[in-house]
Trainee: 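Got a structure for you, written out below as structure tokens; questions coming shortly.
The basis for the numbers below is simple: all heavy atoms, side chains too, and nothing from hydrogens, waters or symmetry mates. Each chain gets a letter, A, B and so on, in the order its sequence line appears, and its residues count up from 1.
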2 protein chains.
Amino acid sequence: MPYPTRTTPAAILESALQLLESGGADGLTMRSLAEALGIKAPSLYRHYADRATLEAALVAHGAVQLQTMLKEIAEGTPAARLRQAAERYREFAHAHPALYALMMQPQPMTGAPKALWNTVLKLSSAVTKRDDDTAAAVALWAFLHGFVSLERQGAFGASGPQAGFATGLTALMVGFGKSS
Amino acid sequence: MPYPTRTTPAAILESALQLLESGGADGLTMRSLAEALGIKAPSLYRHYADRATLEAALVAHGAVQLQTMLKEIAEGTPAARLRQAAERYREFAHAHPALYALMMQPQPMTGAPKALWNTVLKLSSAVTKRDDDTAAAVALWAFLHGFVSLERQGAFGASGPQAGFATGLTALMVGFGKSS
DNA sequence: GTCTATATGCGGATAGAC
DNA sequence: GTCTATCCGCATATAGAC
């Protein structure tokens, strides 16, 4: 056994996620990933056909993780649940900024991402009391994504007005009801 | 005069913007820009110290352009003006996606970007009838930025629910008034 | 499944001549 | 201000041996 197996699929994903978190989007390369695993770059191509395939696996993993966070929230009124989900969405984006950015890149909305969208749709539709209220879900998602993106980029300054998060979220939920 | 001047500062900016629009963020390199101008890459360093300096000039140019669009809107109620400004923001982002993305990257909020922010702050504060209502302005900006970003990335699908734009904008404005 | 060696391409940036 | 020549580093990916 001159070249024994030194990696597992799980270890590859784990290392890749770690590189994303520590070094950002540019921190993850086939070379750096291989080095983190203690192997050489070409060996990775036995596990993933190319870089795009690896990224797709990371995106799917992230979508499942986020969806799980959004589903496992405490019981309560629809508004309270939506508020809690919004907070968790924000937490996830800031806890894994590079992974989140990867997830928000153009992707086919199938598999895990699709399930994630359905979760958001259900949570917001419960607030507006209209089944499949895609317009409300889209508006909410846009606000969440925009806020965490601007926040991550430091657009609000170091001690920025994070009060805007509560303000916007409340305004959206109130407005959904009043503007029907 | 063996090597006469073949470029002007204005021509460099114009070519750079054109490359951004046609080829996206990756379409603009010192090499490609030089070629578009009919000169060689090293010559560019006589005009801009490095790539970062060039990008800063592009960001400033874009901020001025966007701010001008937002300021020159028709008279009317504060709500109508804000709605119109929001539409123009969206138009700008879609007309110059790569430039917009560049502008939204971490930047010092000084000079042109700062003036742009002040314009948004005035427009939204007029609606909420509170001076310097940064929370409302932040919420609005987050929604706008999130929507155009998701839209640009095709997250809503080809024939996506763009109704979410009107829905979210209306809900925010209504909610701002009701949730004070 | 891993290795070494290599092909190929891209990018930013500098030195020194004219 | 522009040029040629060049350095340097980074990346994805493949070929073929073990």
Trainee: Starting at atom NZ of A:Lys40, determine the distance to atom P of D:dA15, rounded to an integer number of angstrom.
Mentor: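 Atom-to-atom, A:Lys40 to D:dA15, this comes out as 21 Å.
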
Trainee: Considering residues at least two apart in sequence or located in another chain, which fulfil the side-chain hydrogen bond (donor to acceptor under 3.5 Å, both in side chains) criterion with A:Ser32?
Mentor: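 A:Ser32 satisfies side-chain hydrogen bond (donor to acceptor under 3.5 Å, both in side chains) with A:Thr29 only.
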
Trainee: Using side-chain hydrogen bond (donor to acceptor under 3.5 Å, both in side chains) as the criterion, list what pairs up with B:Thr128, not counting sequence neighbours.
Mentor: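 If we apply the side-chain hydrogen bond (donor to acceptor under 3.5 Å, both in side chains) test to B:Thr128, skipping adjacent residues, the hits are B:Asp133.
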
Trainee: Would you list the atom pairs, donor with acceptor, under 3.5 Å between side chains in residues 100-107 of chain B and any protein atom, with sequence neighbours excluded?
Mentor:
| residue | atom | partner | partner atom | Å |
| --- | --- | --- | --- | --- |
| B:Tyr100 | OH | B:Tyr89 | OH | 2.7 |
| B:Tyr100 | OH | B:His145 | ND1 | 2.7 |
| B:Gln107 | NE2 | B:Leu102 | O | 3.2 |

Trainee: Give every donor-acceptor pair under 3.5 Å between a side-chain atom in residues 49-68 of chain B and any protein atom, sequence neighbours left out.
Mentor:
| residue | atom | partner | partner atom | Å |
| --- | --- | --- | --- | --- |
| B:Asp50 | OD1 | B:Ala52 | N | 3.4 |
| B:Asp50 | OD1 | B:Thr53 | N | 3.0 |
| B:Asp50 | OD1 | B:Thr53 | OG1 | 2.7 |
| B:Arg51 | NE | B:Glu55 | OE2 | 2.8 |
| B:Arg51 | NH1 | B:Leu28 | O | 3.0 |
| B:Arg51 | NH2 | B:Leu28 | O | 3.2 |
| B:Arg51 | NH2 | B:Glu55 | OE2 | 3.1 |
| B:Gln67 | NE2 | B:Thr119 | OG1 | 3.1 |
| B:Thr68 | OG1 | B:Val64 | O | 2.8 |

Trainee: Under 3.5 Å, which N/O atoms of the protein pair with N/O atoms of nucleotides 13-18 of chain C?
Mentor:
| residue | atom | partner | partner atom | Å |
| --- | --- | --- | --- | --- |
| C:dA13 | OP2 | B:Arg51 | N | 3.0 |

Trainee: Go through C:dG12, C:dT2, D:dT4 for me and flag the one nearest to the B:Thr29 side chain.
Mentor: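 The closest nucleotide is C:dG12.
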
Trainee: Side chains of residues 70-78 of chain A: which donor-acceptor pairs under 3.5 Å do they make with residues two or more places apart or in other chains?
Mentor:
| residue | atom | partner | partner atom | Å |
| --- | --- | --- | --- | --- |
| A:Thr77 | OG1 | A:Ala80 | N | 3.1 |

Trainee: For the pair made of CG in A:Leu28 and P in D:dA11, what is the distance, rounded to whole Å?
Mentor: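 Distance check: A:Leu28 CG to D:dA11 P gives 10 Å.
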
Trainee: Without decimals, in angstroms, what is the distance between B:Leu33 CG and C:dG12 C1'?
Mentor: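 It is 13 Å, rounded to the nearest whole Å.
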
Trainee: Between A:Lys40 and A:Glu35, does at least one N-O distance fall below 4.0 Å, as a salt bridge requires?
Mentor: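 Salt bridge flag = no for A:Glu35 with A:Lys40.
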
Trainee: Rounding to a whole Å, what distance do you find between B:Leu19:CG and C:dG11:C1'?
Mentor: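 That distance rounds to 15 Å.
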
